[in-house]
Amino acid sequence: MKKILIVALSLIGLICAGCFKAEFDLTVTATGAVNRHWKIMGTAPFARQIEEIKSANERLYSDLTVKPIAEGDMLGYEFALTYPDIETFARSPGEMYSAHAGKNRGISRRKGWFFDEYDFDFYAEYSRANLPPEAEFITQSAFNDVAYDVTIRLPHRVEAHNADTVTGDGRYLSWNLAPILIHGGERHMNARFKLWHADKAALTAIIELMLLAATIFFFRKARTEESEGVAKDLRFKRNVFAGLSVALALVATYLLTAPVNFTDADIISLAI
């Protein structure tokens, strides 16, 4: 779809300076589901190219939802797709989100007990090599009438990114890709974030509390026990539960704070 979009803009930039807008929104929910939403619209000179983009998307995605939209004198379409999880999304067609050999990694995942960490490394490229020199002025003059934005919405604060703007307390990231359509070039869109396992975190907390409760219980029983033999056994049990409590706390701390280094084995994105 991106290639079709770029070719359309390249051709139309040679003959007019009409208005064109492309917005790509990617929403990741707390459960890991992914909602893709994008819209393509433009003024009359772009009508044929927009219809071609619509047809290409319908051929590519069998379950695509398409809705006609209008904004001022611009007409176009709104597209929507829903994926049950990031893994399904990563293996679906989508040039911007896929892995390109030697250029980007697409989507990587490292599974963990408390959370799964994901690394989004998306890529867009546009070359002006095939445009004649006289096209420079026309496309430059059209710059203010071209919008090409990518937004990623995350359920939790992003860990690292290279977004142009960040809002929503570090959860909403946006990139402006219009310059690469006008000037040519490439753009990486990077975002690293965690999806937390609330059930496993709660289970760990419950176990830790039970170990602490057992430690306190045997500590108090040992202090009040008159029989030295029984008291010694109670102190032993106290020490065992105290040791388990400390060990669990240390392991949990390590799992929560250890840095994640992604490798090629962690890539789950469709390669093209």
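For the numbers below, each heavy atom of this structure counts, side chains included, while hydrogens, waters and symmetry mates do not. Keep in mind the model is a prediction, meaning the values are calculated, not measured.
Phe24 and Trp38 have parallel rings, their planes meeting at less than 30° on a 0 to 90° scale where 60° marks the start of perpendicular.
Val260 and Ile86 are not part of a single hydrophobic cluster, where members link through side-chain heavy atoms under 4.5 Å apart. Tracing side-chain contacts under 4.5 Å through hydrophobic residues (I, L, V, M, F, W, Y), one never reaches Ile216 starting from Phe218; they form parts of separate clusters. Leu81 and Leu154 end up in the same hydrophobic cluster when Ile, Leu, Val, Met, Phe, Trp and Tyr side chains are linked at under 4.5 Å. When hydrophobic clusters are built by joining Ile, Leu, Val, Met, Phe, Trp and Tyr residues whose side-chain heavy atoms come closer than 4.5 Å, directly or via intermediates, Ile267 is not grouped with Val28. Hydrophobic clustering (ILVMFWY, side-chain heavy atoms < 4.5 Å, transitive): Phe79 and Tyr61 are in one cluster.
Heavy atoms only, all atoms of each residue included: Ser98 and Asn104 are closest at O-ND2, 2.9 Å. Closest heavy-atom contact between Tyr118 and Phe262: C-CZ, 4.0 Å.
Counting non-hydrogen atoms of neighbouring residues, nucleotides and ligands closer than 6.0 angstrom, the CZ atom of Phe236 reaches no more than 12 such neighbours. Within a 6.0 Å radius of NZ in Lys232, other residues, nucleotides and ligands contribute 12 heavy atoms or fewer.
Between the His161 side chain and the Ala163 main chain, a donor and an acceptor come within less than 3.5 Å of each other. Between the Asp164 side chain and the Asn176 main chain, a donor and an acceptor come within less than 3.5 Å of each other. Between the Ser55 side chain and the Glu51 main chain, a donor and an acceptor come within less than 3.5 Å of each other. Without hydrogens or angle criteria, Arg223 side chain to Arg220 main chain gives no donor-acceptor distance under 3.5 Å.
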Give every donor-acceptor pair under 3.5 Å between a side-chain atom in residues 238-254 and any protein atom, sequence neighbours left out.
from, atom 1, to, atom 2, distance (Å)
Asn239, ND2, Arg235, O, 3.3
Ser245, OG, Glu208, OE2, 2.6
Thr253, OG1, Ala249, O, 2.8

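Distance check: Ile40 CD1 to Asn57 CG gives 7.5 Å after rounding to the nearest 0.5 Å. Distance check: Ile152 CD1 to Arg171 CZ gives 14.5 Å after rounding to the nearest 0.5 Å.
Checked for salt-bridge contact, Arg48 and Glu52 meet the test: a charged N lies under 4.0 Å from a carboxylate O. Ion pair Arg109/Glu117 not flagged as a salt bridge, since none of the NZ, NE, NH1 or NH2 atoms sits closer than 4.0 Å to an Asp/Glu carboxylate oxygen. Using a cutoff of 4.0 Å between basic side-chain nitrogens and carboxylate oxygens, Lys103 and Glu125 are scored as salt-bridged.
Ring to ring, Phe193 and Phe120 are close: their centroids are under 6.0 angstrom apart.
Applying the side chain to side chain donor-acceptor pair (under 3.5 Å) test to every pair with at least one member in residues 260-272, sequence neighbours left out, gives these pairs: Arg105-Asp264, Arg110-Asp266, Thr263-Asp266.
Remark: Lys54 is positioned above the aromatic ring of Tyr77, its terminal NZ or CZ atom under 6.0 angstrom from the ring centre and at most 45 degrees off the axis.
Test Asn190, Thr165, Asn162, Thr151 against Trp175 for side-chain hydrogen bond (donor to acceptor under 3.5 Å, both in side chains) and you get one pass: Asn162.
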Practice prompt. Please assess Asp169 against Arg157 for the test salt bridge (charged side-chain N to carboxylate O under 4.0 Å, His left out), listing each intermediate value before the final yes or no.
Written response: CA-CA 7 Å; Asp169 194 28; Arg157 186 178 182 87; 3.3 Å; yes

Discussion item. Salt bridge (charged side-chain N to carboxylate O under 4.0 Å, His left out), that's the test. Do Asp119 and Arg192 meet it? Break it down for me.
Written reply: CA-CA 4 Å; Asp119 182 68; Arg192 182 177 291 198; 3.6 Å; yes

